[in-house]
2 protein chains.
Amino acid sequence: MRHKQVNLSKNQQIVLETIRKAKKPLKAYSILSSVKKKGINAPPQVYRALEKLVELGVIHKIESKNAFVDCKNSECETSKATAFSICKKCQKITEIMNSKLSTYLTNFQDNTGMKYEKYNLEFYGLCKRCKL
Amino acid sequence: MRHKQVNLSKNQQIVLETIRKAKKPLKAYSILSSVKKKGINAPPQVYRALEKLVELGVIHKIESKNAFVDCKNSECETSKATAFSICKKCQKITEIMNSKLSTYLTNFQDNTGMKYEKYNLEFYGLCKRCKL
DNA sequence: TAACGCTTGTTATAATATAACATTATAACA
DNA sequence: TGTTATAATGTTATATTATAACAAGCGTTA
């Protein structure tokens with residue numbers, strides 16, 4: 001498995017490392033405060049790194065949370081097909097990797113004549129533990 | 001297509017009317033400036049109305065745009081199952097009403113043991129006109 | 001070298017959203 | 001009707017999320 005990390009700039013690497021170390025999705029300003037000690041001082045530096053990392057598909061943005069997680073799917077080349085489950089109680093977020101689902105959605109066509117290039121799906125509910 | 005009949009408060013009605021008149025998704029502060037002449041002066045008034053309307057399922061939030069559209073689906077009782085197509089070029093947003101899709105997603109199960117109560121799906125691409 | 005593209009650093013500000021609190025309206029019902 | 005509970009309102013202030021704008025550095029390559 002090859003890592004695109006090789007091609008990342010310094011700030012991009014720092015931000016990615018921070019996200020990878022986290023057990024949960026991180027928000028931009030939380031990342032910012034984590035990386036201040038590494039010389040990243042201002043929001044644009046974080047947001048620029050995030051934008052690039054999302055573009056590369058190595059992280060994903062959870063739109064309904066304004067938070068970022070690293071992509072656990074090693075085959076994920078870009079961020080064009082993403083699905084997450086979000087626990088309403090503990091906020092745990094998991095990337096759903098289900099080939100039937102992704103095939104279904106990637107091939108989905110409706111009658112509007114639109115050509116879909118990308119999708120993002122977010123499921124909400126209670127995770128196994130919080131159901132108890 | 002019939003709109004849903006619901007008992008709404010004054011501010012909720014004003015906000016809903018504004019969204020219904022719009023041809024495209026509206027952002028909260030854009031709504032705010034539209035309704036200033038009707039006596040709504042501050043963000044919380046708009047956000048509270050929006051929150052309630054979303055809860056009732058008469059409008060939906062497009063998470064990736066921080067914008068709100070009215071629900072065109074007269075059978076949509078709550079905001080538990082939503083799907084949209086978003087044109088990357090003209091920003092046109094359409095609610096997807098496809099029973100096969102909603103059945104598929106509503107019944108979707110993965111192996112995490114999570115029980116899904118709600119989902120939101122956003123497709124991105126080029127609409128018919130922008131493809132030309 | 002010069003021109004270019006990309007990343008960086010920096011300050012300032014825009015855009016989105018909520019906290020907190022006081023007040024008023026409405027609904028439910030004894 | 002009066003009483004209570006709940007929902008909605010109005011208001012100020014502030015928190016949170018994100019981008020604009022500009023200057024400068026660095027490596028590539030023409």
Side-chain angles (χ1 to χ4, degrees), chain A residues 4-19 22 24-56 58-69 79 86 88 91 93 120 122 124, chain B residues 5-19 22 24-69 78-79 86 88 91 93 120 122:
Chain A
K4 291 166 189 154
Q5 194 174 345
V6 173
N7 301 321
L8 298 177
S9 75
K10 185 174 140 245
N11 286 2
Q12 289 161 7
Q13 281 177 36
I14 292 171
V15 168
L16 179 56
E17 281 312 301
T18 305
I19 292 172
K24 51 170 188 154
L26 294 183
K27 302 197 156 217
Y29 276 73
S30 147
I31 293 169
L32 176 57
S33 70
S34 297
V35 300
K36 281 228 161 119
K37 52 184 175 297
K38 292 192 176 157
I40 295 180
N41 301 301
Q45 297 174 283
V46 170
Y47 279 100
R48 284 192 290 230
L50 289 172
E51 184 184 26
K52 197 60 189 290
L53 293 169
V54 165
E55 222 175 280
L56 293 171
V58 296
I59 66 172
H60 301 305
K61 180 173 186 179
I62 310 297
E63 294 289 355
S64 63
K65 300 288 174 189
N66 300 313
F68 300 84
V69 288
S79 53
I86 303 172
K88 289 156 95 169
Q91 302 295 316
I93 297 183
N120 179 56
E122 298 179 7
Y124 308 86
Chain B
Q5 312 295 328
V6 185
N7 265 346
L8 298 179
S9 75
K10 186 173 140 251
N11 285 2
Q12 289 160 10
Q13 281 174 37
I14 293 171
V15 168
L16 179 55
E17 280 313 300
T18 305
I19 292 173
K24 50 170 189 156
L26 294 183
K27 301 196 157 217
Y29 275 74
S30 147
I31 294 169
L32 177 56
S33 70
S34 298
V35 300
K36 281 230 161 117
K37 53 184 174 295
K38 293 191 175 155
I40 296 181
N41 300 303
Q45 296 173 282
V46 171
Y47 279 101
R48 285 192 290 231
L50 289 172
E51 184 184 27
K52 197 59 189 293
L53 294 169
V54 165
E55 224 174 280
L56 293 170
V58 295
I59 66 171
H60 300 303
K61 181 173 186 180
I62 311 296
E63 294 289 354
S64 63
K65 301 287 175 189
N66 300 313
F68 299 84
V69 289
T78 63
S79 51
I86 303 171
K88 290 156 96 169
Q91 301 296 315
I93 297 184
N120 178 55
E122 299 179 7

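Below, chain A is the first sequence line, B the second, and so on; all start at residue 1.
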Q: What is the separation between atom CG on B/Asn41 and atom P on D/dA13, rounded to the nearest whole Å?
A: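 Distance check: B/Asn41 CG to D/dA13 P gives 15 Å.
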Q: Counting side-chain heavy atoms from C-beta on, which of C/dT16, D/dT17, C/dT8 comes nearest to A/Gln45?
A: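 The answer is C/dT8, which lies nearest to the side chain.
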Q: Rounding to an integer number of Å, can you tell me how far B/Lys61 NZ sits from D/dT17 P?
A: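 Answer to the nearest Å: 11 Å.
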Q: Take atom OH of B/Tyr47 and atom P of C/dA15, then tell me their distance rounded to the nearest Å.
A: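 These atoms are roughly 12 Å apart.
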Q: Taking side chain to side chain contact (heavy atoms under 4.5 Å, CB included) as the criterion, tell me which of B/Leu50, B/Val69, B/Leu26 meets it with B/Ile59.
A: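 When B/Leu50, B/Val69, B/Leu26 are each tested with B/Ile59, the side chain to side chain contact (heavy atoms under 4.5 Å, CB included) holds only for B/Leu50.
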Q: Find which nucleotide of DNA chain C each of A/Lys52 and A/Pro44 is nearest to by heavy atoms, and output the residue with the more 5' nucleotide.
A: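 It is A/Lys52, whose closest nucleotide lies nearer the 5' terminus.
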Q: Both B/Lys10 and B/Tyr29 contact DNA chain D. Which one's nearest nucleotide lies toward the 5' end?
A: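 This one resolves to B/Lys10.
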Q: Does B/Gln91 CD have over 12 foreign heavy atoms under 6.0 Å away?
A: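 Enclosed.
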Q: Check whether any side-chain nitrogen or oxygen of A/Ser9 sits under 4.0 Å from OP1 or OP2 of C/dC6, and answer yes or no.
A: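 No, outside the criterion.
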Q: Please determine whether a side-chain nitrogen or oxygen atom of B/Lys27 lies at a distance below 4.0 Å from atom OP1 or OP2 of C/dA15.
A: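 Negative; the distance criterion is not met.
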Q: How close or far is atom C1' of D/dT17 from atom CD1 of A/Ile62, stated in whole angstroms?
A: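 Atom CD1 in A/Ile62 sits about 16 Å away from atom C1' in D/dT17.
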Q: Tell me: CD of B/Glu51 to P of C/dT18, nearest whole Å?
A: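 Whole-Å distance recorded here is 8 Å.
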Q: What verdict does the side-chain contact (heavy atoms from CB on, under 4.5 Å) test give for A/Leu8 and A/Val15, after you've listed the backbone C-alpha separation in whole Å, the side-chain angles of each residue and the deciding distance to 0.1 Å?
A: CA-CA 10 Å; A/Leu8 298 177; A/Val15 168; over 6 Å; no
Q: Find the distance A/Asn11:CG to D/dC26:C1' and express it as a whole number of Å.
A: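 To the nearest whole Å, that distance equals 14 Å.
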Q: Name the pairing partner of C/dA30, where a pair is Watson-Crick or G-U wobble with both distances under 3.5 Å, or state none.
A: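 Looking at the geometry, C/dA30 pairs with D/dT1.
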Q: Quick check on B/Lys24: does its NZ atom have over 12 non-hydrogen neighbours (other residues, nucleotides or ligands) under 6.0 Å away?
A: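 No, not enclosed.
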Q: Could you tell me the separation between the CZ atom of A/Arg48 and the P atom of C/dT11, rounded to a whole number of Å?
A: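 So the two atoms are 13 Å apart, to the nearest Å.
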Q: Taking all atoms of both residues into account, what is the closest heavy-atom pair of B/Thr18 and B/Ile14, and its distance?
A: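 Between these two residues, the closest heavy atoms are OG1-O, 2.8 Å.
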Q: Would you mind telling me which residue lines up with the more 5' stretch of DNA chain D, B/Asn66 or B/Pro43, judged by nearest nucleotide?
A: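 Whichever sits nearer the 5' end wins; that is B/Pro43.
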Q: Within this structure, what is the CG-to-P distance between A/Leu53 and C/dT7, rounded to whole angstrom?
A: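 Rounded to the whole Å, the gap is 11 Å.
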